[in-house]
Amino acid sequence: MCTNPITSKHVAVIGAGAAGIITSRELRREGHSVVVYEREKQVGGLWVYTPKSDSDPLSLDPTRSKVHSSIYESLRTNVPRESMGVRDFPFLPRFDDESRDPRRYPNHREVLAYIQDFAKEFKIEEMIRFETEVVRVEPVDGKWRVQSKKSGGFLKDEIYDAVVVCNGHYTEPNITHIPGIKSWPGKQIHSHNYRVPDPFENEVVVVIGNFASGADISRDIAKVAKEVHIASRAREPHTFEKISVPQNNLWMHSEIDTTHEDGSIVFKNGKVVFADSIVYCTGYKYNFPFLETNGYLRIDEKRVEPLYKHVFPPALAPGLSFVGVPAMGIVFVMFEIQSKWVAAVLSGRVTLPSPEKMMEDINAWYASLDALGIPKRHTHTIGRIQREYLNWVAEECGCELVERWRGQEVDGGYMRLVAHPETYRDEWDDDELIEEAYNDFSRKKLISFDPSYYLENGR
């Protein structure tokens with residue numbers, strides 16, 4: 001525990017997914033007392049697979065029954081396991097356990113098992129209140145009131161020195177508007193509610209979006225569908241390509257131009273398809289329905305504003321902070337480094353700039369995005385500068401910088417994803433980076449076997 005009680009704060013953490021449990025560990029390491037609120041029965045958040053989905057397949061009905069997870073049955077990570085794990089607790093393959101998936105890009109069950117292992121190793125569960133939903137969070141006289149409700153129970157008010165929001169951002173679907181869609185007669189579903197391809201058997205399906213989930217889901221559906229057509233905003237308007245998949249039934253188009261009540265979908269390349277279903281792989285919105293800041297914090301076109309370095313709202317810092325807002329590949333390490341910063345600021349070991357200076361920095365960041373022509377919706381998409389960003393935060397709180405191999409693995413993996421979406425998880429050309437990673441783990445005494453054990457078994 002912290003030797004100076006003045007620096008120890010009473011902190012609420014919202015969410016016991018990967019971000020929440022990593023954050024709670026760092027807060028406790030810094031000497032704070034921590035309570036984690038989790039509305040489900042177990043740790044894992046997003047990574048807890050369920051065959052259930054929202055009662056509204058587009059998740060637009062505010063009265064719908066909601067399911068937190070967006071995991072589909074066939075999902076595998078799009079980041080290699082060496083670079084995915086927390087830095088002092090590597091995501092190692094368990095070759096000795098048949099229930100585990102030792103592949104370099106493992107399935108979602110393996111990620112959940114890793115999160116559970118982490119929680120057990122660092123005794124996180126003793127800080128968690130399961131089946132407890134946070135209903136409201138608001139500032140009160142320099143502190144923070146958290147109103148929560150146990151499953152079927154009464155509302156409970158508690159006061160904290162600080163609140164760290166770790167509720168994730170893959171639950172509230174973003175639906176792209178398509179001209180004519182109100183009169184289009186087919187089925188529509190967002191990828192948040194996609195689980196298995198069976199409902200699309202023998203159908204003609206249009207998948208909107210072609211990044212990680214779009215590439216995966218279109219190919220998953222192609223196994224059973226008659227035809228699958230991908231609409232990609234990133235493609236030139238004239239794009240029309242047949243994609244080589246085993247079923248020979250997948251086509252790539254540019255964006256959708258319009259839809260009609262006869263079931264036709266017209267693409268900007270001029271092609272017309274009569275489709276049975278549309279699957280929206282169009283991402284998610286940030287959503288903090290419990291947060292009451294009197295209008296100070298707002299979400300505008302997927303920009304959470306104002307947030308200093310994607311973590312602290314200047315006028316409410318350090319009492320309110322967010323871990324996990326940016327979209328990047330080195331995601332668990334981001335949780336680790338951001339939460340180390342939050343913990344150090346709360347203890348007084350690290351000082352934030354004044355609210356005015358933080359706002360100046362935020363406005364300069366927005367101006368730089370505008371100058372580069374980067375849309376507002378990509379404010380928190382920082383994959384291209386993820387290592388630079390994380391190293392800045394790491395230097396602020398005096399922790400180790402991100403390893404060179406970690407950033408290179410993720411960048412190389414994304415290049416393979418774009419070039420070879422069918423095979424990038426099982427065929428790679430960066431063995432030297434894998435070797436560097438395991439040698440690094442060995443040097444830091446994080447593995448009990450020689451690196452060669454993992455390198456030879458992992459092929």
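Residue numbers count from 1 along this sequence.
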- With a 4.0 Å cut-off, would you call E409 and R81 a salt bridge? no
- Geometric cation-pi criterion K340 and F335, 6.0 Å radius, 45° cone: no
- Is there a side-chain contact between P57 and H190 (heavy atoms, below 4.5 Å)? no
- Is it true that R298 and E305 make a salt bridge, defined as a side-chain N closer than 4.0 Å to a carboxylate O? yes
- Heavy-atom neighbours of K271 NZ exceed 12 at 6.0 Å: no
- Query: Would Y72 and D220 count as having a side-chain donor-acceptor pair, cut-off 3.5 Å?
  - Reply: no
- Query: Side-chain donor-acceptor pair under 3.5 Å between N174 and Y280, yes or no?
  - Reply: no
- Between D300 and K376, does at least one N-O distance fall below 4.0 Å, as a salt bridge requires? yes
- For E432, look at atom CD and say whether over 12 heavy atoms of other residues, nucleotides or ligands are found less than 6.0 Å away. yes
- Query: Just wondering, do D276 and K187 contact through their side chains at under 4.5 Å, heavy atoms?
  - Reply: no
- Any salt bridge between E131 and R39, counting N to O under 4.0 Å? no
- Item | Pair T379-R303, side-chain donor/acceptor within less than 3.5 Å | yes
- Item | Sub-4.5 Å side-chain heavy-atom contact between E400 and K444 | yes
- Item | Side-chain donor-acceptor pair present, N193, S59, cut-off under 3.5 Å | yes
- Task: Answer yes when D430 and R406 have at least one side-chain N-carboxylate O distance shorter than 4.0 Å, and no when they do not.
- Result: no
- Just wondering, do I265 and V272 contact through their side chains at under 4.5 Å, heavy atoms? no
- Salt-bridge criterion met for E255 and R233 (N-O under 4.0 Å): no
- Item | Ring centers of F441, W405 separated by less than 6.0 Å | yes
- Message: If only side-chain N and O atoms count, and only distance matters, is there a donor-acceptor pair under 3.5 Å linking H253 with N269?
- Response: yes
- Item | V245 side chain reached by E422 side chain, heavy atoms, under 4.5 Å | yes
- For P237, does its backbone N or O pair with a side-chain atom of S254 as donor and acceptor, under 3.5 Å? yes
- Hey, does F118 have a side-chain heavy atom less than 4.5 Å from the side chain of V43? no
- Message: Are F122 and F89 an aromatic pair, judged by ring center distance below 6.0 Å?
- Response: yes
- Query: Is the distance between the ring centroids of H169 and Y284 less than 6.0 Å?
  - Reply: no
- Pair W251 + H229: ring centers closer than 6.0 Å: yes
- With the side chain counted from C-beta on, respond yes when E427 and R416 share a heavy-atom pair under 4.5 Å apart, and no when they do not. no
- Query: Strictly under 6.0 Å, is that where the ring centroids of Y453 and F95 end up?
  - Reply: yes
